Amino acid sequence: PQLVIGLTIVAIGTSLPELVTSIAAVRKKELDLAVGNVIGSNIFNALFILGIASLVNPVPVSSEALIDVAVCIAASAVSYGLCLHKKQLNLVKGIIFIAMYVAIFTYVLMRG
């Protein structure tokens, strides 16, 4: 299904450059670059790309999409809180991030 393709292949394909850049930045102790790269990419994809797509052709928003947006906002709030705590990401917080992704992915797959 298109949903699975979007959540896996497309998401991984568009995120790999950010992952590689962030890993390289962390190894070089350029932590601001690593965080800025990920945040900037997500903001660009969510706002600019969706905005351009809606200029070309109206994008319908279903009630399920609104729930997805609410879930993403909640995940962002949790992520923000984790980043504020001691202003450091560590193994435990990384595992929490991955668990949130798996939970959201599972929820969307079960819903769809």
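Any value given below was found using the heavy atoms of this structure, including those in side chains, with hydrogens, waters and symmetry copies removed. These numbers were taken from a predicted model, which means no experiment stands behind them.
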Inset, instruction - Following the transitive rule for hydrophobic clusters with a side-chain heavy-atom cut-off under 4.5 Å over Ile, Leu, Val, Met, Phe, Trp and Tyr, establish whether V71 and F105 coincide in one cluster. - result: yes
Legend entry - L50 side, atom CG; F44 side, atom CZ - distance, nearest 0.5 Å: 12.0 Å
Legend entry - Distance (rounded to the nearest 0.5 Å) between I49 CD1 and I43 CD1: 13.5 Å
Inset, instruction - Answer with yes or no whether the hydrophobic clustering places L89 together with L91; edges join I, L, V, M, F, W, Y residues whose side-chain heavy atoms lie under 4.5 Å apart. - result: no
Legend entry - Nearest-0.5 Å distance, CD1 of residue I52 to CG of residue N57: 13.5 Å
Legend entry - I23 reachable from L16 in the ILVMFWY side-chain graph, under 4.5 Å edges: yes
Legend entry - S41 side chain vs N37 backbone, donor-acceptor pair below 3.5 Å: no
Inset, instruction - To the nearest 0.5 angstrom, please state how far the CG atom of L33 sits from the OG1 atom of T21. - result: 7.5 Å
Inset, instruction - Please confirm whether the backbone N or O of A11 pairs with a side-chain atom of T14, one donor and one acceptor, at under 3.5 Å? - result: yes
Inset, instruction - Taking all non-hydrogen atoms of both residues into account, name the closest pair between A34 and S22 and its distance. - result: O-OG, 3.3 Å
Inset, instruction - Any pair with a residue in residues 88-97 that passes side chain to side chain donor-acceptor pair (under 3.5 Å), sequence neighbours left out, goes on the list, sorted by first then second residue, please. - result: H85-K93
Legend entry - Side chains of R111 and D68 in contact at under 4.5 Å (non-hydrogen atoms): yes
Inset, instruction - Treating Ile, Leu, Val, Met, Phe, Trp and Tyr as nodes and any side-chain heavy-atom pair under 4.5 angstrom as an edge, say whether I104 and V69 lie in one connected cluster. - result: no
Legend entry - From I39 atom CD1 to N42 atom CG, the distance as rounded to the nearest 0.5 Å: 8.0 Å
Legend entry - Where M100 and S79 come nearest, the two heavy atoms and their spacing: CE-OG, 3.3 Å
Inset, instruction - Determine, using the 4.5 Å side-chain heavy-atom cutoff (strictly less than), whether L82 and V92 are members of one ILVMFWY cluster. - result: yes
